[in-house]
Amino acid sequence: MNMDLNKNNREQWKSRSGFILAAIGSAVGLGNIWGFSYNLGQSGGAAFLLIYIICIILIGYPIMMAEFTIGRYSQSDAVGSFQKIAPGKPWVIGGFMGVFAAFFIMSFYPVIAGWVTRYFGVYLTGGFETSAENDFIGFISGTTGPLIWHFIFVALTTAIVFFGVQKGIEKSNKVLMPLLALFLLVLAIYSLTLGGATEGLRFMFSPTWDSLTNPSVYLAALGQAFFSLSLGMGALITYASYLKKENKLPGAAASIVGFDTLLAIVSGIMIFPAVFSFNIDPAGGTGLVFMTLPNVFIEMGRVGVIFGFLFFLLLGVAALSSAISLLEVPVSYIMRRLNWSRRLTVIVVGLAIYIIGVPVALSIGPLSHITIFNLGLMDLAEYVSFNLLLPLGGLIISLFVGWGWNKSAVLRESDFGQSVVGTIWIWLLRVVSPFIIVLIFLSSIGIIGS
Ligand code: PFF
C-alpha cells in the first residue's frame with residue numbers, strides 16, 4: 001500500500017488526502033451506479049430516494065464516523081480493533097461478521113465487475129452494432145465468458161493488493177474519481193435532452209406516498225446506504241487504522257458521504273430519463289446499466305462508442321478500488337492472526353474468493369436451477385449482504401461506540417470533542433440508528449406494521 005510504516009511496523013497512509021481518496025475509492029463503486037439505479041427502480045423511485053437520504057444523514061454519516069474512530073484509535077484490523085478496545089467482550093462478533101461479510105460480498109461483486117470489464121473490452125473493439133440486449137443475456141447465461149471475466153477482475157484486484165500498488169490506486173483515484181463524476185454529469189445532461197427526461201425526473205424526484213407504506217422500500221434504502229458507503233463490515237475501520245492520529249475525521253467523513261451521494265444521484269439522472277425515453281421498465285434491475293446505457297450509446301452514433309468505452313473504463317476502475325477495500329478486510333485480519341506475509345495472505349484469500357464466486361458467476365446460466373428461498377445464488381448473495389449482513393454489522397458498531405466504549409474517550413478520539421455536534425452524534429449512535437435499523441428489520445419481516 002502507499003504507506004509508510006509507523007513505529008509499530010504497521011503500514012500508514014502518507015497523507016490525509018490519501019486516506020480520503022482511498023475511502024472515496026471504497027465507497028464509490030458499482031453500488032453508486034448499478035446498485036442505486038437497481039434499487040431506486042425496483043423500489044418506486046422518489047420514495048426510495050427520500051428514505052435513502054434520511055438513512056444517510058441519521059445512520060450513514062454517524063456510523064462512518066464510528067468506524068473511523070474505532071480504526072484510527074485502535075490501529076488494528078476489523079477484528080483486532082474490537083479486541084483492543086473491549087478485550088474479552090462479545091462486541092468482537094461485529095468484527096468477525098465483517099470478515100464474513102467481505103467474503104460474502106466478494107462472491108458476487110467481482111462477477112458483476114467482470115461484466116463491466118467485458119463491456120469495456122467490447123467498446124474497445126468497436127461497441128455494439130444494433131442492440132446490447134441479446135448479447136448481454138447470452139453472455140451472462142453462458143459458462144466460459146462469465147468465468148473468464150470474473151477471473152480477470154479477481155486477478156486484477158489481487159494483483160494490486162499483492163504488489164501493494166496503493167500508490168497507483170491512490171494516485172489514479174485522484175484523477176479518475178473526479179473524471180468519473182464529470183463524465184456522469186455530461187451523460188446526465190445528454191440524457192436530459194432525450195424524450196423521457198420529464199418522466200424520468202418525475203420518477204426520481206416526486207414521491208408517490210403509497211410506496212412509503214411499503215416496508216421493503218425502507219429495507220432497500222437502508223441496505224443501499226450501507227453498501228454504497230462501504231459501512232457495516234469493517235472496511236472503513238481497516239482503512240482508518242492506517243491513519244495517523246493527527247488527521248481529523250469529521251470533515252473527511254462528510255466529504256466522503258457527500259461525494260458518494262452526489263455521484264449516485266447524478267447517475268440516476270443519467271439513467272432514468274434514458275429508461276423512459278426507450279420505454280424500458282425502470283424496475284429492470286441489472287439490465288439498466290448493461291442494456292439501457294448501451295442503447296443510449298448506440299443512439300449517440302459514433303461518438304457513443306467513445307462514451308461507452310470511457311464509461312465502462314471509469315466504472316471498472318471505481319469497482320476495482322472498492323473491491324480492493326473489500327479484499328483488504330480479510331487480508332489484514334488473517335495477516336495479523338496467522339502471522340503470514342501480505343503476499344501469501346493475498347494469494348490464499350484471492351483464490352478462495354475466486355472459488356466462492358464460481359457458482360455465483362454461473363448462477364444465471366448453468367446453475368440457474370439452484371434457488372434458495374426462491375432466489376438464484378446471485379440474488380441471494382446480494383440480498384443477504386445488502387439487507388442483512390451490513391445493516392446488522394452497522395447495528396453492532398453503532399451500539400458498540402454508543403454504549404460499549406467510554407463516552408469521553410469516544411468524543412476525544414472522534415475529534416468531535418465535548419461539542420454539541422459530538423453529543424448529537426453519540427445519541428444518534430446510541431438510540432436513533434439502532435432504533436431505525438431494528439424497526440426496519442422488524443417491519444420488513446412482517447413482525448410490525450402491515
Ligand atoms: N461501496 C462499494 C460500492 O458502492 O460499490 C461496495 C462496498 C465496498 C461495500 C466496500 C462494502 C465495502 F466494505
Side-chain angles (χ1 to χ4, degrees), residues 21-40 52 55-56 60 63-64 66-68 70-71 77-78 81 94-95 97-116 153 157 161 169 173 176-177 180-181 184 220-241 253 256-257 259-268 286 289 314-333 349 353 381-394 397:
L21 280 168
I24 287 184
S26 170
V28 174
L30 295 176
N32 298 66
I33 296 167
W34 156 81
F36 185 76
S37 60
Y38 183 123
N39 276 308
L40 187 104
Y52 179 73
C55 286
I56 294 277
I63 293 187
M64 184 177 288
E67 292 206 23
F68 282 176
I70 297 174
D77 52 85
S81 292
M97 268 185 48
V99 175
F100 177 71
F103 276 105
F104 217 85
I105 296 177
M106 282 302 264
S107 74
F108 72 85
Y109 201 84
V111 174
I112 299 171
W115 302 348
V116 172
F153 189 82
T157 312
V161 182
I169 275 287
N173 267 333
L176 291 171
M177 289 303 135
L180 178 66
L184 289 182
L222 180 75
Q224 173 64 23
F226 273 99
F227 189 83
S228 189
L229 293 173
S230 303
L231 295 176
M233 51 158 281
L236 297 184
I237 293 182
T238 310
Y239 268 18
S241 77
I256 296 160
V257 170
F259 191 72
D260 188 76
T261 308
L262 191 72
L263 230 88
I265 293 176
V266 174
S267 93
T286 298
V289 168
L314 294 170
L315 184 58
V317 172
L320 190 61
S321 54
S322 300
I324 287 169
S325 72
L326 282 156
L327 183 59
E328 186 63 19
V329 172
V331 164
S332 92
Y333 165 61
V349 176
I353 279 170
E382 280 165 28
Y383 188 87
V384 172
S385 321
F386 272 75
N387 299 334
L388 221 66
L389 293 176
L390 298 184
L392 211 60
I397 291 168

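First listed ligand is number 1; within each ligand, the first listed atom is number 1.
- Close contacts between ligand 1 and N32 involve ligand atoms 4 (O) [criterion: under 4.0 Å to a heavy atom].
- Remark: Q224 CD to L390 CG distance equals 10.5 Å, nearest 0.5 Å.
- The contact set between ligand 1 and A235, taken as ligand atoms under 4.0 Å from a residue heavy atom, comprises 13 (F).
- When all heavy atoms of A318 and L180 are compared, the closest pair comes out as CB-CD2, 4.0 Å.
- If you number the atoms of ligand 1 from 1 as listed, the ones under 4.0 Å from a heavy atom of G31 come out as 3 (C), 4 (O), 5 (O).
- With hydrogens and angles left out, the side-chain atoms of N32 and S267 include no donor and acceptor closer than 3.5 Å.
- When each atom of ligand 1 is checked for a heavy atom of L326 under 4.0 Å away, the hits are 8 (C), 10 (C), 11 (C), 12 (C), 13 (F).
- Taking every heavy atom of both residues into account, A181 and F259 meet most closely at CB-CZ, 4.1 Å.
- Residue-to-ligand polar distances keep S325 apart from ligand 1: every N/O pair is separated by 3.5 Å or more.
- Per-residue contacts place S26 under 4.0 angstrom from the following atoms of ligand 1 (heavy atoms of the residue considered): 1 (N), 2 (C), 8 (C), 10 (C).
- The contact set between ligand 1 and M233, taken as ligand atoms under 4.0 Å from a residue heavy atom, comprises 11 (C), 12 (C), 13 (F).
- A distance of 10.5 Å separates OG1 in T238 from CG in L326, rounded to the nearest 0.5 Å.
- Shortest contact from atom 8 (C) of ligand 1 to any protein heavy atom: S230 OG, 3.3 Å.
- Considering every non-hydrogen atom in both Y239 and S26, the closest pair reads CE2-CB, 4.3 Å.
- Annotation: L30 places an N or O atom under 3.5 Å from an N or O atom of ligand 1; distance criterion only.
- Each of Y38, W115, W34 was scored for a side chain to side chain donor-acceptor pair (under 3.5 Å) with T286, with one residue passing: W34.
- For ligand 1, the atoms sitting less than 4.0 Å from at least one non-hydrogen atom of F227 are 1 (N), 2 (C), 3 (C), 4 (O), 5 (O), 6 (C), 7 (C), 9 (C), numbered in the order shown with element in parentheses.
- The two residues S107 and A381 make their nearest non-hydrogen contact at OG-CB, 3.9 Å.
- Against a heavy-atom cut-off of under 4.0 Å, A27 is close to the following atoms of ligand 1: 1 (N), 2 (C), 3 (C), 4 (O).
- Within the structure, ligand 1 has Y109 among the residues with a heavy atom less than 4.0 angstrom away.
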